[in-house]
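When a ligand or atom number is given, it counts from 1 through the structure's own listing order. Values below: all heavy atoms of this structure, side chains included; hydrogens, waters and symmetry mates excluded.
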Amino acid sequence: MKYAPFQNYINGQFVPSSSNRKLDVISPLDGTLLSSVPMSSAEELDAAVKAAANAFPVWSKTPIKERAQIFFRYKYLLEKNITELAALICEENGKTNGEAIAEIEKSIELTEFACALPQIMTGEILEVSKGIECRTEHIALGVVASIVPFNFPAMVPNWTIPNAIATGNCMIIKPSEKVPLSCARIAQLLKEAGLPDGVFNIVNGDSEIVNAICVHPQIEAISFVGSTKVAKIVYQKATQHFKRCLALGGAKNHLLVLPDAKEEMTAVNIVASMSGCAGQRCMAASAMIGVGKVDHIINRICEEAIKIVAGKNLGAVINKASKERIEKYITEAEQQGAKILVDGRNAKVEGKENGTYVGPTVIDYVRPDMAIAREEVFGPVISIMRTDSLDEAISIQNKNPYGNGASVFTQNGSLARYVIEKASAGMIGVNVGVPVPREPFSFGGWNESKFGVGDITGKSSIEFWTKLKKTTVKWNPEAGVNWMS
Ligand code: NAD
């Protein structure tokens, strides 16, 4: 085992778990056993919640400008340690180094937003009647929890940590049991940045601990990022227990390609979107709908796809089960009449025979009723459907239950505008393969890609992590105003 067994992080200390239930942490790159992660008990969660609750009175009363200073230092530490942090991500998640560096760069951008919170989360004040003023201020909620998936071991935790903590909350994070390394390193960096003990805590585990989080009486709010199946479970359970909850789920992102789209730019963008992070991005291109004559673009996509090579510029998928699931989708589509133009099944990387790789895969003549067209595949696979009309393409996109991202590739502004209006997704791209909004814009899908109100990052997250206090003050009763007295 490369690293010591993982521990929880409670009240500023790493503490061994008392649980006998442990899972192996295996590198998808080559099958190396990295560590083991404990499946913590509800009692261990309770200890973390107590630590957070103890830290809350002082932390929430610390002026926001001081709280933000921690994140200026944290940002500097992310920058300083970017090489080492990226290496951890590669090891536990299987990404390429470039993708892991990009993940930390995005974490830095997210932290910059938290550094700016003192400038943007000011309340409002207005004299609403003569001598009477109303004002609003954002108040921290208390102890909050963040449950995160495997595909971005550092970035998704950083969607929530800086904003939730800078707004004055104390947090428990539950990392993915598949990739616990990065969160532990984040805890060390936050401590080095000066974050007081108890403000940030880690409790490792699986569904059992997630369930305990959903029902814990002292946890005020829960953010969840993961599959739709689990997002629904968490959202239902958390709200049943009267908690604020924002649960982001899975995705099936459609790219609509029109014949006038710029050939090279479109092909390069689509291939980067479907194969980046081995297709394990919730904003990855998964289904392409060619409208009319787009064979020249499909040919170019194939030319670009074969330049993507497992173990070189393509990382591994998270584990064996995932590889098998992805390959099964491809085989079933083939059996149902789809045409495999580039086949990524049985990809092998020399010297890394125990790694879990799937090569880039381009499948043409997929029909909308096939499982590969409807379901989230979460691998480096693009399924191409063909239509004669833009309305039919939009209708296929609209019928899909998810709604994270959708893009259109065209040089025609009016048709692009039409797609922006009609597509049923929270994040739309025009000639952009991965239409993730950058800060200060917020991240969040629609439909079965998100449950709850608001978005997880950007300005929208301020509403999620705080409650508004509205105060009405009568300063000068001598004015003779007797309004709502
Ligand atoms: P997952 O749903 O399996 O796991 C997410 C978290 O939930 C993990 O911490 C896991 O331990 C926990 N969990 C798993 N099963 C559970 C259960 N039955 N009950 C309670 N908790 C449970 O997701 P994953 O495989 O880690 O991540 C991939 C998924 O996340 C994909 O569907 C992807 O689209 C989605 N994702 C969505 C977004 C978004 O912004 N919408 C971002 C990143 C990832």
protein heavy-atom neighbour closest to atom 14 (C) of ligand 1 works out as V230 CG2, 4.0 Å

Looking only at side-chain N and O atoms, does E44 offer a donor or acceptor that is under 3.5 Å from a partner on S41?
yes

Are M274 and P360 close enough that some pair of their side-chain heavy atoms sits under 4.5 Å apart?
yes

Non-hydrogen atom of F152 closer than 4.0 Å to ligand 1
no

Out of G226, G250, C282, who gets a non-hydrogen atom closest to atom 35 (C) of ligand 1?
G226

Counting from 1, what ligand 1 atoms have a heavy atom of K174 closer than 4.0 Å?
8 (C), 9 (O), 10 (C), 11 (O)

Evaluate the side-chain proximity of V225 to F152: yes if any heavy-atom separation is below 4.5 Å, no if none is.
no

Protein heavy atom at shortest distance from atom 40 (O) of ligand 1:
F443 CE2, 3.0 Å

Close N or O approach (D206, ligand 1; < 3.5 Å):
no

Close-contact set for ligand 1 against E177 heavy atoms, below 4.0 Å:
10 (C), 11 (O)

Distance-only donor-acceptor check, side chains N398 and K422, under 3.5 Å
no

Location of contacts on R281 toward ligand 1, heavy atoms closer than 4.0 Å:
neither

In terms of heavy-atom contacts, W446 and A423 come closest through CZ3-O, 4.2 Å

Note: ligand 1 atoms sitting under 4.0 Å from heavy atoms of N404 are 41 (N)

Give me the residue, atom name and distance of the protein heavy atom closest to atom 23 (O) of ligand 1.
S227 N, 3.5 Å

Report, one line per pair, each donor and acceptor closer than 3.5 Å where one atom sits in a side chain of residues 172-183; sequence neighbours left out.
{"unit_1": "K174", "atom_1": "NZ", "unit_2": "E177", "atom_2": "OE1", "d": "3.4"}
{"unit_1": "K174", "atom_1": "NZ", "unit_2": "G205", "atom_2": "O", "d": "2.8"}
{"unit_1": "S176", "atom_1": "OG", "unit_2": "K178", "atom_2": "N", "d": "3.1"}
{"unit_1": "S182", "atom_1": "OG", "unit_2": "E92", "atom_2": "OE2", "d": "2.5"}

Under a 4.0 Å heavy-atom limit, does W159 contact ligand 1 with its side chain, its backbone, both, or neither?
side chain

Could you tell me the residue and atom name of the protein heavy atom closest to atom 18 (N) of ligand 1, and the distance to it rounded to 0.1 Å?
S207 CB, 3.9 Å

Given I161, which partner from the list V148, L110, L190, V156 fulfils the side chain to side chain contact (heavy atoms under 4.5 Å, CB included) test?
L190

Does some non-hydrogen atom of the protein lie less than 4.0 angstrom from atom 4 (O) of ligand 1?
no

Any idea how F378 and F150 line up, ring-wise: parallel (<30°), tilted (30 to 60°), or perpendicular (>60°)?
perpendicular

With heavy atoms of N151 as the reference, note each atom of ligand 1 found under 4.0 Å away.
43 (C), 44 (C)

Are G249 and ligand 1 in contact, using a heavy-atom cut-off of under 4.0 Å?
yes

Considering only non-hydrogen protein atoms, determine which one is nearest to atom 27 (O) of ligand 1 and report residue, atom name and distance to 0.1 Å.
P149 CB, 3.2 Å

Which bit of V148 gets closer than 4.0 Å to ligand 1, counting heavy atoms only: side chain, backbone, both or neither?
backbone

Which part of F378 is near ligand 1, with near meaning a heavy atom under 4.0 Å away: side chain, backbone, both or neither?
side chain

Are there over 12 heavy-atom neighbours, none belonging to F14, within less than 6.0 Å of that residue's CZ?
yes

Min side-chain heavy-atom separation N158-I186 under 4.5 Å
yes

Is a donor from one side chain sitting under 3.5 angstrom from an acceptor on the other, for K252 and S286?
yes

For atom 24 (P) of ligand 1, what is the closest protein heavy atom, and at what distance to 0.1 Å?
F150 CD2, 3.5 Å

Between N8 and N204, do the side chains contain a donor N or O and an acceptor N or O under 3.5 Å apart?
yes

Suppose I only count heavy atoms of V210 and a 4.0 Å limit; which atoms of ligand 1 are within that range?
20 (C), 21 (N)

Ignoring angles and geometry beyond distance, decide whether I233 reaches within less than 3.5 Å of ligand 1 through its nitrogen or oxygen atoms.
no

Could you list the atoms of ligand 1 found under 4.0 angstrom from a heavy atom of E376?
31 (C), 32 (O), 33 (C), 34 (O)

Within a distance under 4.0 Å of any heavy atom of F224, pick out the atoms of ligand 1 and give their elements.
2 (O), 5 (C), 6 (C), 7 (O)

Do the non-hydrogen side-chain atoms of N404 and M427 ever get within less than 4.5 Å of each other?
yes

Under the side chain to side chain donor-acceptor pair (under 3.5 Å) rule, what do S146 and T160 come out as? Steps first, then yes or no, please.
CA-CA 7 Å; S146 173; T160 59; 2.9 Å; yes

